[in-house]
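All of these numbers come straight from a predicted model, not from anything done at the bench. Chain naming here is simple, since letters A, B, ... match the order of the sequence lines and numbering starts at 1 in each.
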Amino acid sequence: MSEYTPSAIEPKWQKFWKKNKTFKTDDTDTSKPKFYVLDMFPYPSSSGLHVGHPEGYTATDIIARFKRMKNYNVLHPMGWDAFGLPAEQYAVKTGQHPKETTEQNIKGFRKQLQAIGFSYDWDREVNTTDPKYYKWTQWIFLQLYKKGLAYQADVPVNWCPQLGTVLANEEVIDGKSEVGGYPVVRRPMKQWMLKITEYADRLQEDLADLDWPESIKDMQRNWIGKSEGADITFQVAGSRQTIKAFTTRPDTLFGATYMVLAPELSLVDELTVPEKRQDVKKYREEAESKSDLDRTDLNKNKTGVFTGSYAINPATGNQIPIWIADYVLAGYGSGAIMAVPGHDQRDWEFAAKYELPIIEVVEGGDITKEAFTDTSKGKMVHSANADLSLNGLEVSDAKDKMISWLELKGQGKKTITYKLRDWLFSRQRYWGEPFPIIHVSNENKALPESELPVKLPEVENFQPAETGESPLYNVPEWVNTTDPETGLPARRETNTMPQWAGSCWYYLRFIDPNYEKGPVNPEKEKYWMPVDLYVGGAEHAVLHLLYARFWHKVLYDIGVVSTKEPFQRLINQGMILGELEFTALRNEYGHFVSTKSVKPDEREQYEPVKIPDTEVEKKGDDFVIKGTDAVVDARSFKMSKSRGNVINPDLVIRQYGADALRLYEMFMGPLEQVKPWSMRGVEGVYRFLKRVWRVFIDEETDHLDADIIDVEPSREQLKVLHETIKKVTEDINENRFNTAISALMIFNNEAMKWEKKPVSIMKDFVLLLSPFAPHIAEELWEKLGGGDTLAYVAWPAFDEKYMTAEFHTYAIQINGKVRASIQVSSEKATDKDHVLGMAKQDDNIQRYLDNGNLVKEIFVPKRIVNLVVK
RNA sequence: GCCGCCGUGGUGGAAUGGUAGACACGUUGGACUUAAAAUCCAAUGAGGCUUAAACCUCGUACCGGUUCGAGUCCGGUCGGCGGUACCA
């Protein structure tokens with residue numbers, strides 16, 4: 001006497017799977033084809049799982065379950081990216097050790113994930129903060145260090161006073177910290193750097209072979225920022241000093257009327273003439289103290305000072321002034337540019353402000369108004385000297401000719417430059433991997449591998465040291481040590497690694513998480529790598545995915561892994577937004593005002609009021625409050641605590657069950673797409689599950705419905721089944737889960753009408769449903785007498801022979817517009833004359849034929865007939 | 001500014017160049033019920049015509065093109081989203 005009750009079914013099967021280790025990956029039999037399907041592992045935050053997590057996780061779980069039924073050996077693991085700032089900030093506030101909070105959070109996350117019924121092999125769980133794990137993170141760092149890819153440098157770093165730490169460029173957004181949004185300033189500090197730039201070319205080139213979304217590849221290409229051009233050497237007038245400048249426009253050298261150096265360059269000291277020293281010093285100090293935000297704000301208003309020195313333009317032989325300005329960046333190219341104000345907008349603005357000469361060397365624009373930067377049209381002018389003339393050439397030809405000429409003179413060469421910078425790899429924090437480095441008489445020394453792991457010591461105080469150094473600096477008994485090889489006194493490195501470190505290689509650890517001779521078991525690595533499918537949020541398009549590729553390539557170079565790339569196929573799930581919201585604006589008298597009539601800067605004068613969707617109607621292109629003309633805003637927002645539109649997956653499970661949650665997240669729309677949450681949508685798929693239950697179960701007796709019997713299926717039943725198998729199979733293969741679910745709904749809607757339901761057919765349907773809604777599927781499978789678990793039962797196969805219909809429907813068009821539709825028996829469906837004959841007999845079609853001349857007949861077998869009538 | 005993606009009913013979304021709107025939500029009407037919930041049935045892009053059935057017009061942001069036929073391909077415009085930016 002009970003209807004569909006997920007709260008009874010779901011825990012039962014979750015316990016069953018756990019107890020029987022149903023999803024334990026047995027990789028001793030490597031003759032089976034393998035499939036490694038991976039989720040981006042979460043940071044176990046204190047707020048718990050968000051509905052965004054189960055989106056990608058459900059997708060991979062469907063694929064994992066599907067592949068198992070397709071007889072693949074499936075690796076589907078989960079772990080924790082557990083180092084990171086929030087736990088440490090919490091510790092600073094409360095004194096609770098990050099290790100404790102992390103453990104609690106992991107417990108919560110694990111429980112939540114298990115309540116959704118994901119088929120992870122929990123025996124392979126990894127945790128980046130476990131010394132057994134970070135031992136190998138440190139080991140990999142040692143390999144980087146030994147290869148000369150890790151070095152220390154005094155670099156102007158992004159220092160965040162509030163967080164008391166240095167941030168990577170990637171962690172700074174608009175001059176503010178990504179975490180917390182605090183201001184960031186630049187400050188020189190000794191830091192560990194990783195030479196990712198040495199791999200820039202390979203990181204760019206190898207993207208071509210990856211089955212990744214083009215947009216993500218483009219983002220990485222953009223980030224790596226390869227540009228081709230030339231390095232040109234300029235003599236300093238009256239000195240032997242030279243300045244190298246990178247340009248992508250060597251063709252415009254005749255138009256270079258001044259040079260600019262980045263204020264940070266040490267060369268500036270040598271070039272500054274005595275009477276300019278004051279100005280230059282002042283400018284450099286200002287530039288240094290400016291935060292990134294200030295620099296960005298001053299984008300349009302360029303500043304700089306003249307050093308008093310001149311360089312010689314190798315093409316014209318003219319002396320051109322050397323300036324310093326912070327619109328030139330020290331970190332890109334050589335930190336010096338040749339300024340061509342006629343053909344570069346930034347140079348043009350600077351030249352206009354400081355009244356420097358602007359010369360046209362490519363025709364086609366009006367350089368008195370702005371720089372002419374189009375390289376696709378226009379010919380070279382004013383570009384000739386005694387032994388070289390570019391005049392009349394196209395830009396691209398002029399480039400080649402200029403580079404050859406410079407090479408001949410020994411004053412330039414073709415060069416490739418990247419935007420990508422070396423990776424700032426140290427943090428002044430406690431909750432990260434310690435570096436396996438000691439300082440012996442001021443020299444860095446790598447610890448021998450036998451000393452790993454270098455464990456984090458216990459500390460009392462999580463505040464950074466006053467010097468800005470890590471809290472570890474305050475633990476003398478840990479910092480002061482001895483060199484294990486010489487016995488000499490030594491000091492430990494107190495910086496720790498950034499959060500990215502642990503996530504750079506975790507996919508390798510899952511392969512054999514307890515392997516003790518290296519980060520990854522080489523035998524198993526050869527079997528499992530690469531990851532066949534990697535699913536996660538697009539926010540990791542450049543950072544995590546670029547760093548992991550870099551480490552992987554280093555590991556490839558030293559023979560630890562056998563593949564050049566870690567992630568063969570990548571899918572980014574789209575963000576789930578909060579429910580659609582309607583917002584009206586109310587004025588001080590309590591009247592609603594049309595949002596259309598309010599300018600953006602006047603909005604603050606009105607009170608925003610959330611309007612329930614039942615109170616809103618569509619009027620023209622706008623939504624208005626029912627019965628009024630007050631236009632409201634209709635928008636979905638990113639889920640956030642402050643907006644109060646966060647959906648808690650636990651509550652969804654409690655009310656509708658895990659299967660409904662899984663189904664809804666997949667039914668919402670295409671995986672990659674950004675889409676708003678809808679509680680009503682959850683109810684929709686919940687209703688579907690209730691209908692499925694009623695198709696199988698007699699709710700009076702709780703037993704299998706009496707209509708489910710062992711009979712021969714009818715032709716119609718076989719047709720529906722096989723169409724469903726085909727659609728669901730193809731859709732899973734192409735990650736179109738929304739339409740796969742709609743196919744399952746169509747099947748169930750049909751089955752509800754059947755008087756007799758053949759067991760064989762109903763069993764196949766349960767199997768098709770099982771990757772999406774595994775709990776109800778297992779329960780129904782048991783009731784159907786299918787046995788223990790359906791997790792490894794063979795996936796149903798479809799056969800086209802069952803899918804032929806008795807009749808085919810043809811749409812009959814006149815001049816491309818459908819005017820009739822006819823049924824043709826299958827035997828005659830491809831008989832053109834027969835079909836055309838039937839079409840012409842249709843009353844409505846005849847009317848059109850009578851009123852014109854038939855000039856052409858288009859016949860598309862089994863689909864359409866188009867008659868062209870004039 | 002530059003790079004990339006996207007514009008389809010009241011909503012989420014379906015549509016190998018071949019009957020636009022599958023599937024679901026919502027809404028409306030009905031059945032069951034003392035009533036409600038749940039469930040089931042029917043209608044549901046806009047409009048026209050008709051007692052009705054049928055039929056007709058318009059319709060995938062906008063303008064144009066290719067084609068027997070365009071949501072889909074091509075060119076342009078507008079709007080939205082994401083990334084990125086003194087990168088020389």
Side-chain angles (χ1 to χ4, degrees), chain A residues 3 213-223 225 227 229 245-249 252 260 295-296 298-300 302 325-329 331-340 343-347 349-350 373 417-421 538-539 541-542 572 574-575 579-580 613-614 616-618 621 623 634 636 664 667-670 672-685 687-688 690-691 694 736 738-746 749 752 809-821 843-844 847 855-860 862-869:
Chain A
E3 56 174 14
E214 252 345 280
S215 58
I216 302 295
K217 289 195 199 179
D218 275 332
M219 278 156 101
Q220 291 216 349
R221 287 191 192 107
N222 231 305
W223 194 265
S227 51
F246 175 73
T247 178
T248 53
R249 297 291 304 278
T252 62
V260 186
R295 281 202 178 194
T296 317
L298 295 172
N299 206 333
K300 289 271 152 13
K302 294 186 173 48
D326 64 5
Y327 82 91
V328 172
L329 306 176
Y332 184 72
S334 56
I337 62 156
M338 67 176 213
V340 185
H343 303 284
D344 181 287
Q345 188 57 28
R346 295 153 302 182
D347 297 343
E349 284 163 20
F350 192 80
T373 55
T417 299
Y418 299 92
K419 284 187 208 169
L420 185 71
R421 317 288 174 80
E539 67 273 19
V542 272
N572 290 109
M575 206 193 325
E579 297 231 13
L580 186 64
D613 59 355
T614 50
V616 168
E617 65 184 357
K618 185 99 173 180
D621 289 339
F623 285 97
S636 325
Y664 175 65
F667 189 59
M668 289 171 89
E672 296 90 336
Q673 198 165 301
V674 177
K675 42 212 179 276
W677 186 268
S678 157
M679 241 5 173
R680 289 203 169 121
V682 183
E683 282 177 48
V685 294
R687 276 204 280 268
F688 162 64
K690 286 202 283 192
R691 281 197 293 268
R694 278 200 302 274
R736 293 188 305 231
N738 54 332
T739 50
I741 292 167
S742 109
L744 294 169
M745 288 172 168
I746 291 169
N749 289 345
M752 284 197 298
T809 307
Y810 273 89
I812 314 300
Q813 299 181 328
I814 300 291
N815 299 336
K817 291 200 172 185
V818 179
R819 297 300 179 185
S821 135
D843 290 348
N844 208 30
R847 266 187 24 228
V855 296
K856 197 169 180 182
E857 296 168 341
I858 312 283
F859 175 74
V860 184
K862 297 185 181 179
R863 284 193 174 273
I864 213 159
V865 170
N866 189 12
L867 303 174
V868 184
V869 175

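Closest approach to the A:S742 side chain among B:A22, B:A88, B:C3 is made by B:A22 (side chain taken as heavy atoms from C-beta onward). Between B:C3, B:A88, B:U39, one nucleotide has an atom nearer to the side chain of A:D218 than all others, and that is B:C3. For A:I746, counting side-chain heavy atoms from C-beta on, the closest listed nucleotide (B:C40, B:A88, B:A22) is B:A22. Here the side chain of A:A811 is nearest to one of B:A88, B:G26, B:U19, namely B:U19.
Among the atoms of the strands shown, only primed sugar atoms or phosphate atoms (P, OP1, OP2) are found under 4.0 Å from some heavy atom of A:T247. Nucleic acid contact for A:G684: sugar-phosphate only, since backbone atoms but no base atoms lie under 4.0 Å from a heavy atom of the residue. Within the nucleic acid shown, A:N749 comes within 4.0 Å of sugar-phosphate atoms alone, with no base atom in reach, counting heavy atoms only. Contacts of A:T417 with the nucleic acid, taken as non-hydrogen atoms under 4.0 Å apart, are absent.
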Review item, nucleotides 55-59 of chain B N/O atoms under 3.5 Å of protein N/O:
residue, atom, partner, partner atom, Å
B:C56, OP1, A:R819, NH1, 3.0
B:C56, OP1, A:Y848, OH, 2.7
B:U57, OP1, A:R819, NH2, 3.3
B:U57, OP2, A:R819, NH1, 2.9
B:C58, OP2, A:K817, NZ, 3.0

Please tabulate, one pair per line, each protein N/O and nucleotide N/O from nucleotides 47-52 of chain B that are separated by under 3.5 Å, including the distance.
none

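In this entry the distance linking CD of A:E672 with P of B:C6 reads 11 Å, nearest Å. Rounded to a whole Å, the CZ atom of A:R687 is 14 Å from the C1' atom of B:G12.
Remark: A:R680 engages A:D613 in a salt bridge, criterion side-chain N to carboxylate O under 4.0 Å.
Contact check, A:R221 against B:G83: no side-chain N or O comes under 4.0 Å of OP1 or OP2.
Nucleotides B:A42 and B:C23 have their P atoms positioned 12 Å apart, rounded to a whole Å. Between the C1' atoms of B:A61 and B:A70, the separation comes to 16 Å (whole Å). Rounded to a whole angstrom, the distance from the P atom of B:A24 to that of B:A43 is 14 Å.
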Completion exercise
Its contact letters, B for base, S for sugar-phosphate only and - for none at protein heavy atoms under 4.0 Å, make nucleotides 13-18 of chain B read SS-B-B
